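Written out below as structure tokens is the structure these notes cover.
Every chain is numbered from 1, with letters handed out A, B, ... down the list of sequences. Values below: all heavy atoms of this structure, side chains included; hydrogens, waters and symmetry mates excluded. These numbers come from a predicted model, not from an experiment.
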2 protein chains.
Amino acid sequence: MAGVLVIEDDDRIRLALLLALEDEGYVVRGAATAEEGLRAQRQDPADQVLVDLMLPGLDGFECIRQLRRDDDVPIVVVSARDDTHDIVAALEAGADDYVVKPVAIKELSARLRALRRRARTAAAPVPVYAFGGLEISPEEGEVRRDGRPVPVTRTEFRLLCELAEHAGRVLSRQQLLSRVWGYDTGDERLVDVHVGRLRQKIEADPANPRHLVTLRGLGYKMQR
Amino acid sequence: MAGVLVIEDDDRIRLALLLALEDEGYVVRGAATAEEGLRAQRQDPADQVLVDLMLPGLDGFECIRQLRRDDDVPIVVVSARDDTHDIVAALEAGADDYVVKPVAIKELSARLRALRRRARTAAAPVPVYAFGGLEISPEEGEVRRDGRPVPVTRTEFRLLCELAEHAGRVLSRQQLLSRVWGYDTGDERLVDVHVGRLRQKIEADPANPRHLVTLRGLGYKMQR
DNA sequence: CGGGATTTGTCACGCAACTGTCATCCGACC
DNA sequence: GGTCGGATGACAGTTGCGTGACAAATCCCG
């Protein structure tokens with residue numbers, strides 16, 4: 001199948017979107033819940049996915065994360081909520097774009113086209129960050145030390161990915177709070193605690209970290 | 001160059017965007033006209049471009065087309081006009097995203113990040129100041145002598161960065177106090193002490209400094 | 001739906017490292 | 001040789017970081 005999967009619980013809106021997109025020349029399919037959408041995508045992947053944030057059961061954010069876990073499919077959020085925090089959270093979760101309802105179908109269509117163009121040109125191998133015996137694979141959602149999987153929690157993983165993505169650069173506690181947690185403000189000790197926990201898991205000698213190092217007064221960084 | 005190029009004619013808005021993005025950890029550069037932006041991008045390409053639609057001379061749409069012709073760089077339109085027709089036209093012209101002013105910087109930053117993830121933009125190289133065997137890398141938070149990391153404290157590091165940034169120029173103790181410490185007034189001896197400590201760490205012969213030199217009665221400067 | 005396990009965020013404390021001040025010494029310049 | 005600006009060593013106060021304990025939130029499983 002080639003086309004668009006629309007995950008939206010409101011029957012009227014879903015139908016309207018499906019019809020309008022069909023009119024624009026897309027092959028379409030709908031799902032009323034995140035679970036249904038995920039199942040559909042697994043069985044017979046669409047080229048692009050539209051997802052609402054407020055879904056019954058599994059919510060939109062989690063839906064995005066799970067879609068992303070299996071797949072690099074372009075995801076556009078279509079939400080009624082026009083709130084920076086939601087937008088940031090959705091994009092962080094893995095969405096590619098976020099539009100606010102009601103949306104002009106021409107705009108939606110143009111955004112889908114732009115995204116498809118971008119996704120096509122960028123078909124690339126799965127990136128795996130490696131630091132000595134430490135491997136971090138954002139796509140797989142896995143961390144390995146000397147080839148052995150290390151169990152890390154979601155927050156730890158996001159933190160690790162953020163650091164790995166900017167390997168060699170200092171990231172301040174503020175930057176980490178903002179990028180990993182989405183906090184504008186908050187207790188910086190929180191970062192310390194998670195870094196500490198991460199070190200217990202990924203460092204040979206957690207008291208003398210070789211990869212996840214502290215720069216006193218500046219922040220943390222991943223060392224190659 | 002690595003980072004974000006902002007093409008926007010309104011000085012106030014451009015400056016605000018640049019500062020905010022810098023705050024988010026981006027390396028930034030601005031251009032006031034499409035022509036200037038295109039030239040900048042050709043000479044020294046940024047990883048991502050922000051462009052306003054209403055520009056004097058060459059307009060935003062044409063600017064996007066020309067950027068696209070040379071390059072696959074991710075382009076985000078930041079416009080005051082919230083009009084489906086403009087949005088569609090901009091995306092058709094080759095833009096990847098379109099946000100309406102005023103925009104929350106957090107949202108913009110998240111969109112840039114999402115786009116970068118999608119475009120798999122090459123990781124930005126790390127800028128480094130070099131003075132003979134002495135390297136100072138603000139991004140990495142590291143100082144190296146002959147390739148070996150030298151442990152410096154935060155204050156020392158800031159001081160060194162300030163001097164390195166204005167290499168070859170004298171900086172008075174007052175200027176340093178103000179830029180490094182944020183003091184309007186204070187004991188100038190403080191600077192001496194930190195310079196001394198720094199010399200112990202980065203100079204081969206601290207008593208006869210070659211890079212961090214004193215200009216009696218004037219201040220200090222970094223010597224190439 | 002319920003209860004146990006896991007994860008997450010907060011807090012307070014202790015240690016180590018850093019900062020700024022001061023007094024003294026030194027060397028350049030007139 | 002005198003004077004002035006700069007260097008330096010010592011020290012006490014402060015700051016920043018790591019950590020263990022704990023409570024709240026969330027997940028997971030039947």
Check your understanding: Ion pair present between A/Glu135 and A/Arg145, side-chain N to carboxylate O less than 4.0 angstrom?
Key ->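 No.
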Practice item. Establish, with yes or no, whether the OP1 or OP2 oxygen of C/dT19 is under 4.0 angstrom from a side-chain nitrogen or oxygen of B/Trp181. Key: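 False: B/Trp181 side-chain N/O out of range (4.0 Å or more) of C/dT19 OP1/OP2.
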Check your understanding: When you check the phosphate oxygens OP1 and OP2 of C/dT7, does a side-chain N or O of A/Thr155 lie under 4.0 Å from one of them?
Key -> no
How long is the line joining [atom1] of [X] and [atom2] of [N], in whole Å?
X	N	atom1	atom2	value
A/Leu159	C/dT7	CG	P	15 Å
A/Leu198	C/dT7	CG	P	13 Å
B/Leu176	C/dG20	CG	P	13 Å
A/Leu177	C/dT8	CG	C1'	13 Å
A/Arg173	C/dG9	CZ	P	16 Å
B/Glu156	C/dA17	CD	P	14 Å
B/Leu215	C/dC29	CG	P	12 Å

Exercise for review: In sequence, state the C-alpha distance, the side-chain angles, and the governing distance for B/Val77 and B/Leu50, and then conclude on side-chain contact (heavy atoms from CB on, under 4.5 Å).
Suggested key: CA-CA 6 Å; B/Val77 173; B/Leu50 252 58; over 6 Å; no
Review point. Is the shortest heavy-atom distance from the side chain of B/Arg158 to the side chain of B/Thr155 under 4.5 Å?
Key: no
Check your understanding: Between atom CG of B/Leu212 and atom CZ of B/Arg199, what is the distance when rounded to the nearest 0.5 Å?
Key ->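 Taking CG in B/Leu212 and CZ in B/Arg199, the distance rounds to 5.5 Å.
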Check your understanding: Between the main-chain N or O of A/Ala104 and the side-chain N or O of A/Glu107, is there a donor-acceptor pair closer than 3.5 Å?
Key ->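 Such a contact is absent between A/Glu107 side chain and A/Ala104 backbone.
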Review point. Is the backbone of B/Asp205 close enough, under 3.5 Å, to the side chain of B/Glu203 for a donor and an acceptor to pair up by distance?
Key: no
Exercise for review: Under 4.0 Å from any heavy atom of chain B: name the first and the last nucleotide of DNA chain D that qualifies, 5' to 3'.
Suggested key: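 Listed 5' to 3', the contact boundaries are D/dC4 to D/dG16.
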Check your understanding: How would you label the contact of B/Tyr183 with the nucleic acid (heavy atoms, under 4.0 Å): base, sugar-phosphate, or nothing?
Key ->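 It contacts sugar-phosphate atoms only.
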Review point. Hey, does A/Tyr220 reach any base, or is it just sugar-phosphate, or nothing, if we go heavy atoms under 4.0 Å?
Key: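 It contacts sugar-phosphate atoms only.
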Review point. Nearest heavy-atom pair of A/Leu115 and A/Gln48: which atoms, and what distance?
Key: CB-OE1, 4.3 Å
Practice item. Please list, by residue number, the residues of residues 187-197 of chain B whose heavy atoms come closer than 4.0 Å to an atom of DNA chain D; answer none if no residue qualifies. Key: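 Within residues 187-197 of chain B, the residues near DNA chain D are B/Arg189, B/Asp192, B/Val193, B/Arg197.
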Point to revise | Residues which pass side-chain contact (heavy atoms from CB on, under 4.5 Å) with A/Ala16, listed by chain and number, not counting sequence neighbours | key: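 Counting only residues at least two positions away or on another chain, A/Ala16 forms no side-chain contact (heavy atoms from CB on, under 4.5 Å).
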Study note, to complete from the structure: Test side chain to side chain contact (heavy atoms under 4.5 Å, CB included), reference B/His166, set B/Gln175, B/Arg179, B/Met222, output is B/Arg179
